[in-house]
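Following: one structure in structure tokens, then a few remarks.
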Amino acid sequence: MKDYLQTQLRAVLDTVDDVPDDFEAALEAPAREEHGDLATNTALRLGSVLDDDPRAIAETIAERLRERVDPSRIRSVEVAGPGFINFRFAQDYLFEGLADLLSAGDAFGRSDAGEGERAIVEYVSANPTGPLTVGHGRNAVLGDTIATLLDWTGHEVTREYYYNDAGRQMRVLAQSVRARYEALAAEDVPTKTLTLDDDTTVEVPEHFPEDGYLGAYIVEIAEQVYEDNGSSLLTTESLAPFQAAAEEAIFADIEATLARLNIEMDGYANEQDLHDDGRVEAVLDGLEAAGLTYEEDGALWLETTAFGKEKDTVLVKQSGEPTYRTPDIAYHTTKFERGFDRIVDVFGADHHAAYPDVLNALDALGYDTDRVEVVLYQFVTLVRGDEPVKMSTRRANYVTLDDLIDEVGADVTRFFFLMRSPDTHLNFDLELAQEASDKNPVFYLQYAHARICSIIDKAEEVGFTYDDEADLSLLTHEDEIALIKELLRFPRALQDAAEARAPHFVPPYLRDVATAFSQFYDHCRIIGEEDALATARMHLALAAKTVLQNGLTVLGISAPRSM
RNA sequence: GCGCUCGUAGCUCAGUCGGACAGAGCAUCGGUUUCCGGUACCGAAGGCCGGGGGUUCGAAUCCUCCCGAGCGCACCA
């Protein structure tokens, strides 16, 4: 309907003198019901463009729209206030829409707005050095849902996880495993004492790196290596078997954690491949050719001051190793080479300073950086009531994403990460999250869904059978009409969320659906009414179930039959 | 010091190219049930949208200056 009106409005604007061709006519749902089902502020905005009275412009546009618009879809076109044009839907249109919804079923809400566009969403991208943290969880859920939204709006979507396996971090990881292995495989390995940030101390094997990984999982990996190889690795210099074992074990854990959240990646990309196939070298050559690099103090620098930064940035360290930025640029060139039209990166707030370097470098290399979008999210704090929960005491003990899922469940975890704008710092209240009550909005949605399932069961129980065909025009109660309108907004709600890369637009919409259903349920009986009306209402309830279920599916949250 | 994000009701937050009296949930107070799940529904109360200045017919939204919070400013990722 919105698209239909948009087309009509645009056509009318073409008949009005001096309206610029690129003038965009925006339609939106008014905040108040008495302002109709859809409204446009076009005349108000044209007022300043045309230097004319907005109210008069509105009258002109409204007059021409009334002549144009299909009365079986639009009941009225009215000018109101300072120059808004308000539209009301014809009831027949609503019934047709409802019939379409029912026949579309679990595909209702899908649209082809992004058809022909290939999108890649990069998310999680945690280096495999340990279990996923709660912060990674926000990243994972955000990225996954953005990918789903793009999918539902017709994009061809690839979900990708990128990790650095060539740098210092993984070397320290491998050294940590090796030191633990030595303690198992060799006799009488001496220990040493490490002092942590909080001044506590810990005993570790003598070759344990100063900034090594202290988690118990490292010991488990070392035990596995020992079991597989005995003492045979004591004599090899190479860290490779330790890194490989660690990577494999940790990735298995990461994938298992993601699977609990309904997340499955389409592919993984890693830094080592970018070195092996010469892409990193190619990026350095390209930037040199663009005249943006120089050597100083034995390091290779990128002239980021040319892009307005305060300081230049190191690309290759004195040691000859690249900083993480360099392969990251190379990685992004592969996204362009693979032909993606939309390149979405989901990063934590701590990356905000780094990604402009990547974009500027890509720009200098001749890539169209308008295709790249960065979704930046703020940090997560765990609280239990008023008490902050410590998430990371140095490297060893922290609340992992798995711990969080254990405690509150996957549905609540996903919902809490999705209900807030990525821009706001997230206070994740464990107490509230566990409460299956009014305080926890995810249960409200699931409850409405379960209730509909219960009505369906009840119908069967009392032997009420309803045909596939229903006379939907019997649905004239104000709560029925309100519910239908709400349900028909679903495809548009998903499009808005997808376009804005804003999963948090979806939960409030679903809440409105659940509320509209509850009001309908409260005021309109289904089973027990005479058959034609009961059948129509049953179909309306099924439609509500469809939207709730599809909406929850997009969010990656289950729609239970009972709770 | 510089950069990014944020500051909206007691609390947690929406507010989607600037638009009609600023929205929701929770908490508080009041009401609703012979009947399909009361984990529900209805209502009340609650706001100088951090502060000052500006642009505009119109500002929570844009600009500017203050104040406050988080994050970043590594040859760590």
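Side chains are part of it too, since the values below use all heavy atoms of this structure and drop only hydrogens, waters and symmetry mates. A note on names: the letters A, B, ... follow the listed sequences, proteins ahead of strands, and every chain is numbered from 1.
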Problem set entry | Base paired to B/rG70 (Watson-Crick or G-U; both N/O distances under 3.5 angstrom) | B/rC4

For this session: Could you check whether A/Met419 gets within reach of a base, just the sugar-phosphate, or nothing at all, counting any heavy atom under 4.0 Å?
Result: nothing

Exercise. Using the C1' atom in both, what is the distance from B/rG70 to B/rC26, to the nearest Å?
Worked result: 25 Å

For this session: Start with the C-alpha gap between A/Gln495 and A/Ser111, add the side-chain angles, then the distance that decides, and say whether side-chain hydrogen bond (donor to acceptor under 3.5 Å, both in side chains) holds.
Result: CA-CA 8 Å; A/Gln495 278 173 42; A/Ser111 64; 3.3 Å; yes

For this session: To the nearest Å, give me how far apart CG (A/Leu432) and C1' (B/rA27) are.
Result: 11 Å

Seminar exercise, completed: Applying the 3.5 Å cut-off to both distances, the Watson-Crick or G-U partner of B/rG43 turns out to be B/rC29

Exercise. So what does A/Ala353 touch, heavy atoms closer than 4.0 Å: a base, only the sugar-phosphate, or nothing?
Worked result: sugar-phosphate

Exercise. Is a donor-acceptor pair below 3.5 Å formed from side chain A/Asn86 to base B/rA20, judging by atom type as modelled?
Worked result: yes

Exercise. What is the base-pairing partner of B/rC49, counting Watson-Crick and G-U wobble geometry with both distances under 3.5 Å?
Worked result: none

Exercise. Does any nucleotide pair with B/rU12 by Watson-Crick or G-U wobble geometry, both distances under 3.5 Å, and what is it?
Worked result: B/rA24

For this session: State which of B/rA14, B/rC41, B/rG37 makes the closest approach to the side chain of A/Tyr444.
Result: B/rC41

Exercise. Looking across every strand, which nucleic acid part, if any, lies under 4.0 Å from A/Ala349 by heavy atom: base, sugar-phosphate, or nothing?
Worked result: sugar-phosphate

Seminar exercise, completed: Testing B/rC75, B/rC2, B/rG38 for proximity to the side chain of A/Glu310, the answer is B/rC2

Exercise. In whole angstroms, how far is the C1' atom of B/rC71 from the CZ atom of A/Arg138?
Worked result: 13 Å

Problem set entry | Between B/rC6 and B/rC13 - C1' atom distance, rounded Å | 13 Å

Problem set entry | Paired nucleotide for B/rG58 [Watson-Crick or G-U wobble; both distances under 3.5 Å] | none

Exercise. Within the structure shown, what part of the strands sits under 4.0 Å from A/Ala450 by heavy-atom distance: base, sugar-phosphate, or nothing?
Worked result: base

Problem set entry | Rounded distance in Å between the P positions of B/rA40 and B/rA22 | 29 Å

Problem set entry | Stacking check A/His35 vs B/rA20 (5.5 Å / 30 deg) | yes

Exercise. Using 30° and 60° as the class limits, which term best fits the ring planes of A/Tyr163 and A/Tyr268: parallel, tilted or perpendicular?
Worked result: perpendicular

Exercise. Quantified in whole Å, what is the P atom distance between nucleotide B/rC66 and nucleotide B/rG23?
Worked result: 33 Å

Exercise. Counting any heavy atom closer than 4.0 Å, what does A/Arg561 reach on the DNA or RNA strands: base, sugar-phosphate only, or nothing?
Worked result: base

Exercise. If only atom types and distance count, is the side chain of A/Asp312 paired as donor or acceptor with the main-chain N or O of A/Thr305 below 3.5 Å?
Worked result: yes

For this session: Would you classify A/Cys524 as touching base, sugar-phosphate or nothing, given that sugar-phosphate means primed atoms plus P, OP1 and OP2, and contacts are heavy atoms under 4.0 Å?
Result: base

Exercise. For B/rC57, is chi within 90° of 0 (syn) or not (anti)?
Worked result: anti

Exercise. Can a cation-pi geometry be assigned to A/Arg489 and A/Tyr509, taking NZ or CZ under 6.0 Å from the six-membered ring centre and within 45° of the ring axis?
Worked result: no

For this session: Identify, between A/Arg489 and A/Ser454, the residue whose nearest nucleotide on RNA chain B lies closer to the 5' end.
Result: A/Arg489

Problem set entry | Under-4.0 Å side-chain N/O to phosphate OP1/OP2 contact, A/Thr313 with B/rA74 | no

For this session: Would you indicate which nucleotide in B/rA14, B/rA20, B/rG37 comes nearest to any side-chain atom of A/Tyr447?
Result: B/rG37

Problem set entry | Distance test, side-chain N/O of A/Thr323 to OP1/OP2 of B/rC75, below 4.0 Å | no

For this session: Look at all strands and tell whether A/Asp423 reaches a base, only sugar-phosphate, or nothing, counting heavy atoms closer than 4.0 Å.
Result: sugar-phosphate

Problem set entry | Whole-Å gap separating C1' (B/rU12) and CG (A/Leu430) | 15 Å

Exercise. Should the ring pair A/Trp152 and A/Phe490 be called parallel, tilted or perpendicular, given that the plane angle runs from 0 to 90° and is split at 30 and 60?
Worked result: perpendicular

For this session: Under 4.0 Å between any heavy atoms, over every strand shown, what does A/Tyr521 touch: base, sugar-phosphate, or nothing? Just pick one.
Result: base

Exercise. Between A/Leu44 and A/Ser562, who's closer to the 5' end of RNA chain B by nearest nucleotide?
Worked result: A/Leu44

Exercise. A/Arg420 has a side chain; which of B/rU12, B/rG15, B/rC75 sits nearest to it?
Worked result: B/rU12

For this session: Select one nucleotide: of B/rC75, B/rA40, B/rG15, the one nearest the side-chain heavy atoms of A/Val314.
Result: B/rC75

Exercise. What nucleic acid atoms does A/Arg168 come within less than 4.0 Å of, heavy atoms only: base, sugar-phosphate, or nothing?
Worked result: sugar-phosphate

Exercise. Counting distance only, does the side-chain N/O of A/Asn360 pair as donor-acceptor with the main-chain N or O of A/Phe307 below 3.5 Å?
Worked result: no

Exercise. Of all the choices, B/rU16, B/rC75, B/rA24, which nucleotide is nearest to the side chain of A/Arg511 once you look at every atom?
Worked result: B/rA24

Exercise. So, the side chain of A/Asp411 versus the backbone of A/Ser558: is there a donor-acceptor pair under 3.5 Å, distance only?
Worked result: yes

Exercise. When all nucleic acid strands are considered with a 4.0 Å heavy-atom cut-off, which category describes A/Lys309: base, sugar-phosphate, or nothing?
Worked result: nothing

Problem set entry | Side chain of A/His523 - closest among B/rC41, B/rG70, B/rG15 | B/rC41

Problem set entry | Nearest atoms (heavy-atom pairs only) where A/Ala497 meets A/Leu149 | CB-CD1, 3.9 Å

Exercise. When you check the phosphate oxygens OP1 and OP2 of B/rC2, does a side-chain N or O of A/Lys311 lie under 4.0 Å from one of them?
Worked result: no

Exercise. How is A/Ala459 classified with respect to the nucleic acid when contacts are heavy atoms under 4.0 Å: base, sugar-phosphate, or nothing?
Worked result: nothing

For this session: Considering only atom C1', compute the distance from B/rU8 to B/rG50 and round it to an integer number of Å.
Result: 10 Å

Problem set entry | Touch class at under 4.0 angstrom, heavy-atom based, for A/Gln318 against every strand present | base

For this session: Indicate whether OP1 or OP2 belonging to B/rU16 is found under 4.0 Å from a side-chain N or O atom of A/Arg501.
Result: no

Problem set entry | Candidate nucleotides B/rC71, B/rC75, B/rU16, ranked by approach to the side chain of A/Phe379 - the nearest | B/rC71

For this session: Indicate the atoms forming the closest heavy-atom contact of A/Leu359 with A/Thr369, along with that distance.
Result: O-CG2, 3.3 Å

Exercise. Taking only N and O in the side chain of A/His504, is any of them less than 4.0 Å away from OP1 or OP2 of B/rG15?
Worked result: yes

For this session: Among the candidates B/rC75, B/rA14, B/rG37, find the nucleotide nearest to the side-chain atoms of A/Ser421.
Result: B/rA14

Exercise. From B/rG19, B/rC6, B/rA77, pick the nucleotide closest to the side chain of A/Gln169?
Worked result: B/rA77

Exercise. Which base, if any, makes a Watson-Crick or G-U wobble pair with B/rU34, both distances under 3.5 Å?
Worked result: none

Exercise. Which value, in whole Å, describes the distance between the P atoms of nucleotides B/rA69 and B/rU16?
Worked result: 27 Å

For this session: Look at the rings of A/Phe464 and A/Tyr466 and say which category their plane angle falls in: under 30° parallel, 30 to 60° tilted, over 60° perpendicular.
Result: tilted

Exercise. With a 4.0 Å cut-off on heavy atoms, is A/Asp297 in touch with a base, just the backbone sugar-phosphate, or nothing at all?
Worked result: base

Exercise. Across the strands shown, which category fits A/Asn127 at heavy-atom distances under 4.0 angstrom: base, sugar-phosphate, nothing?
Worked result: sugar-phosphate

Exercise. Can you tell me how far C1' in B/rG15 sits from the matching atom in B/rG54, rounded to whole Å?
Worked result: 24 Å

Exercise. Taking atom C1' in both B/rG18 and B/rC63, what distance in whole Å separates the two?
Worked result: 13 Å

Exercise. Is there a donor on the side chain of A/His352 or the base of B/rG3 sitting less than 3.5 Å from an acceptor on the other?
Worked result: yes

